[in-house]
Amino acid sequence: MKKYVFLFLACITANSLFSQTLTLEEAVRTALKNNLILNCSTIMSKSQRPIITSVWRVEMLTVTATINDNQSRTNVNQKLNTGVEIKRDGASANQMTSNVSGTILLYNGQRVKTTQRRLAQIEAQSQQLINAQVQNTIAAVATNYFDIIRQQAYIRTIDQSIEVAQRRLDIVKVQQSVGLANNADLFQSQLD
């Protein structure tokens with residue numbers, strides 16, 4: 001994460017050196033807008049709220065439906081006491097029953113309310129994690145931003161030191177040409 005923020009700031013800073021100066025507020029705003037983890041976390045947090053509420057409501061009502069279909073085939077070979085004989089092959093019978101029942105939960109030892117409180121705590125915890133992610137991103141951007149500013153100031157100081165050393169070298173060369181400086185002063189100026 002820190003590598004990406006640093007690379008992001010380095011690219012923006014390199015671009016801003018050639019075009020314009022980037023302010024800390026712009027860097028923070030851009031980093032927060034382009035932070036994929038933060039955007040995904042925010043979207044997931046917002047999308048889970050209706051699901052949590054509907055899960056709590058569904059737990060209170062239960063609907064059960066049952067359908068049974070019994071089919072049978074029998075062979076009948078029967079002789080009655082009157083002397084009548086009944087013979088049937090493959091006599092079929094079909095019996096279908098159905099049942100629908102519904103129950104509503106009136107009281108279950110505060111389980112519904114406890115579950116609701118637990119889900120609210122989970123939601124608050126995810127919100128706190130998002131806030132922590134925002135704070136960490138802002139801190140990383142600010143740290144890298146001021147580190148880049150420090151490095152730019154250091155580069156300016158080095159450039160000024162090189163310029164001063166070059167002027168001193170020019171002065172020593174002029175002094176040597178007139179005979180007021182020796183080779184040691186010239187070599188020292190060249191080293192500087």
Side-chain angles (χ1 to χ4, degrees), residues 1-15 22 24-145 147-148:
M1 170 71 185
K2 290 181 181 181
K3 292 188 290 187
Y4 299 120
V5 171
F6 182 73
L7 289 173
F8 173 73
L9 280 177
C11 292
I12 289 177
T13 305
N15 188 25
L22 180 70
L24 179 61
E25 292 83 17
E26 291 171 348
V28 168
R29 189 178 318 114
T30 305
L32 290 176
K33 184 176 96 177
N34 294 334
N35 189 331
L36 183 63
I37 296 171
L38 186 61
N39 289 338
C40 289
S41 298
T42 305
I43 289 170
M44 287 177 59
S45 175
K46 288 180 182 176
S47 67
Q48 285 178 351
R49 174 173 272 177
I51 293 172
I52 290 171
T53 306
S54 64
V55 165
W56 177 71
R57 289 185 183 152
V58 167
E59 279 186 8
M60 294 181 66
L61 177 65
T62 305
V63 177
T64 307
T66 308
I67 297 176
N68 290 325
D69 186 13
N70 293 327
Q71 293 184 357
S72 62
R73 289 197 134 180
T74 57
N75 292 331
V76 177
N77 192 4
Q78 188 176 20
K79 188 173 185 180
L80 299 177
N81 58 0
T82 59
V84 177
E85 199 172 305
I86 301 173
K87 267 190 157 186
R88 289 190 190 149
D89 290 332
S92 64
N94 189 9
Q95 179 183 7
M96 180 176 274
T97 59
S98 63
N99 182 20
V100 176
S101 65
T103 59
I104 188 164
L105 182 65
L106 296 177
Y107 181 76
N108 68 345
Q110 296 290 333
R111 190 180 85 187
V112 172
K113 290 200 182 252
T114 304
T115 304
Q116 185 181 15
R117 276 189 241 122
R118 188 185 65 170
L119 292 175
Q121 289 296 323
I122 290 171
E123 185 178 351
Q125 182 182 15
S126 66
Q127 189 62 37
Q128 291 296 325
L129 289 173
I130 291 171
N131 290 340
Q133 181 70 34
V134 168
Q135 295 298 322
N136 289 339
T137 302
I138 291 172
V141 168
T143 301
N144 290 328
Y145 181 84
D147 187 46
I148 290 171

**Asked** Do you know the tightest heavy-atom contact between Thr137 and Ala31?
**Response** CG2-CB, 4.3 Å

**Message:** Just verifying a value: how many Å separate Thr143 OG1 and Ile148 CD1, rounded to the nearest 0.5 Å?
**Reply:** 11.0 Å

**Message:** Quick check for you: to the nearest 0.5 Å, what is the distance between Ile122 atom CD1 and Gln127 atom CD?
**Reply:** 14.5 Å

**Complete:** One should read off an interatomic distance between Met96 CE and Gln71 CD, to the nearest 0.5 angstrom, of 8.0 Å

**Side chain Ser126, main chain Glu123, donor-acceptor under 3.5 Å** = yes

**Message:** Within this structure, what is the CD-CD distance for the pair Gln128 and Gln135, rounded to the nearest 0.5 Å?
**Reply:** 10.5 Å

**Side chain proximity check, Asp69 to Ile67, heavy atoms < 4.5 angstrom** = no

**Asked** How far does CD of Glu85 sit from CG of Asn77, to the nearest 0.5 angstrom?
**Response** 6.5 Å

**Complete:** One should read off an interatomic distance between Thr97 OG1 and Asn68 CG, to the nearest 0.5 angstrom, of 4.0 Å

